[in-house]
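Below is one structure; the comments refer to it alone.
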Amino acid sequence: MKKTLFNELHKKLAGKMIEFCGWEMPVEYSGIIPEHMAVRTKAGLFDVSHMGEVLVTGKQALAYVQWLTPNDAARLAPGQVQYTALMTPESTFVDDMLVYCIGPEEYFLVVNAANVDKDFAWIAGHTKGFEVKVENQSDAYSQLALQGPLAEKILQPLTNIDLGGMKSFHWAKGQVLGKDCLVSRTGYTGEDGFEIYTMDSDPGIVWTTLIEKGTPLGLLPIGLGARDTLRLESKLMLYGNDISDKTTVLEADLKWIVKLQKGDFLGRPVVEKQLAEGLRRKLVGFELAEPGVARPHYPVYVKGQKVSEVASGTFSPLLRKAIGLVYLPIEATAAGAEFEIEIRTKRTKARVIPTPFYKRADKK
Amino acid sequence: MYPNDFRYTKEHEWIKVAGDEALVGITDFAQHQLGDIIYVELPPVGKELAVRQSISVVESVKSVSDVYAPISGQVVAVNGELAQTADLVNKDPHGKGWIVRLKIKDKKEIDGLLTAGDYEKFLEGLEH
């Protein structure tokens with residue numbers, strides 16, 4: 001099992017360690033509910049060093065990124081970040097990812113841990129005809145996420161980057177506790193916060209100092225368990241559950257990352273076809289109308305017919321109810337529409353509700 | 001940690017006998033494995049249970065797990081407090097977090113269950 005450079009520090013904090021995508025990672029420290037609530041109300045610190053990083057450089061870096069993704073990377077100025085996808089010719093997902101514009105000939109792609117090898121093979125396999133160089137830097141990078149309303153207050157005294165001047169989905173390079181870092185105002189929780197990338201070989205002090213300075217303010221270390229409940233409340237996609245190479249970008253309700261005016265890109269003809277013909281199914285949010293928790297893969301029934309399985313499902317610590325995401329036939333996707341989920345042999349009533357389930361009030 | 005007057009199963013249930021009846025719950029080890037418990041499905045009072053039959057379903061944020069009857073018997077009471085405060089099972093698994101009270105059918109079945117010492121040894125084995 002691979003270990004991040006913070007592994008021993010998680011064990012010191014009594015993190016419950018599990019295997020995740022080949023990495024030994026903490027699933028929880030104090031418990032999913034307290035960790036979740038700390039991020040919503042104060043702050044939380046995550047080790048997300050298992051994420052993958054790919055650097056694209058060269059004269060045609062932009063044209064190449066534009067070809068591989070549906071969002072419009074040409075809109076990015078250096079210092080900006082964009083959520084997008086690596087798309088197949090079928091307009092399904094190789095992965096979802098963040099694109100950082102470092103400069104006109106340099107883009108930094110951040111991809112899911114589960115997909116690093118597959119993604120890099122895909123990326124490297126599509127360079128033909130483009131004057132670009134691609135480099136898998138995943139093993140060289142550590143990444144921490146500091147999330148929650150107090151994130152800026154906790155991080156600012158430790159860095160020479162002006163965080164107050166950094167807008168959402170922007171980044172800057174600088175130092176955090178003397179370590180060279182790239183810091184972006186991004187995250188996977190629906191809260192304000194930062195992601196901190198460093199190639200430093202001994203970055204432990206960043207973790208320990210954030211814990212030390214944050215703890216008196218209510219910061220907790222956060223494991224993968226609360227990472228999942230936080231992202232689901234905010235309807236942030238999880239590859240393998242909500243999106244995959246079997247679901248199209250439009251079916252996943254991610255039309256906002258498709259910019260047709262930008263020109264041609266992989267998968268575009270299928271996107272246009274689906275726009276013209278309409279969708280047969282779509283990913284929607286649901287809540288349970290009866291007690292229980294609907295978990296991934298539980299069978300889903302509309303009017304007695306099995307139509308799909310739960311994509312993501314959990315108990316929402318903030319809303320105190322069972323929520324989830326599911327692909328339903330398009331005629332069954334209106335808000336308020338009822339359907340059933342089989343929870344351990346029992347058909348349980350669920351209803352479609354608007355998403356995201358949670359949106360913070362002060363969104364920048 | 002594990003009360004000496006209880007008996008235990010390898011599936012991490014406990015049972016506390018008092019006369020012809022017994023309280024059943026899940027152990028501290030089990031609640032810790034499950035994490036934050038949010039919902040406990042309780043059986044109807046009067047239900048007859050065979051050994052190893054599912055008594056209850058415990059849902060935590062991250063997983064779901066059956067609780068099995070350590071012995072056979074009839075449900076004479078359920079812990080109604082769990083409907084509102086399922087996390088009692090986390091906070092006090094061997095006390096206020098009890099799940100059902102059974103009328104014991106055959107006391108001999110109790111002899112086959114683990115003592116506190118047996119159970120602790122069993123847990124040590126799991127950690128290696």
Take atom NZ in Lys16(B); do more than 12 heavy atoms of anything else shown fall under 6.0 Å from it? no
Most chain B-contacting option - heavy-atom pairs closer than 4.5 Å, from Ser316(A), Ala322(A), Pro291(A), Gly225(A): Pro291(A)
Atom CG of residue position Asp5(B) - does it have more than 12 heavy atoms of other residues, nucleotides or ligands inside 6.0 Å? yes
Return yes when atom NZ of Lys11(A) has more than 12 non-hydrogen atoms of other residues, nucleotides or ligands closer than 6.0 Å, and no otherwise. yes
Smallest heavy-atom separation, Arg295(A) atom then Val61(B) atom, equals NH1-O, 3.0 Å
If you look at every heavy atom in Asp36(B) and Pro34(A), which pair is closest and at what distance? OD2-CD, 3.6 Å
In this structure, CD1 of Ile38(B) is separated from OG1 of Thr314(A) (nearest 0.5 Å) by 6.5 Å
Is the count of non-hydrogen atoms from other residues, nucleotides or ligands lying under 6.0 Å from Lys349(A) atom NZ greater than 12? no
Quick check on Glu48(B): does its CD atom have over 12 non-hydrogen neighbours (other residues, nucleotides or ligands) under 6.0 Å away? yes
Going by heavy atoms in the side chains, are Val293(A) and Val64(B) under 4.5 Å from each other? no
Just wondering, more than 12 heavy atoms not from Lys121(B) lying within 6.0 Å of its NZ? no
Is Lys62(B) paired with Asp228(A) through a side-chain N to carboxylate O contact shorter than 4.0 Å? no
Quick check against the 3.5 Å criterion: does Lys16(A) have a side-chain atom that pairs as donor or acceptor with the backbone of His32(B)? yes
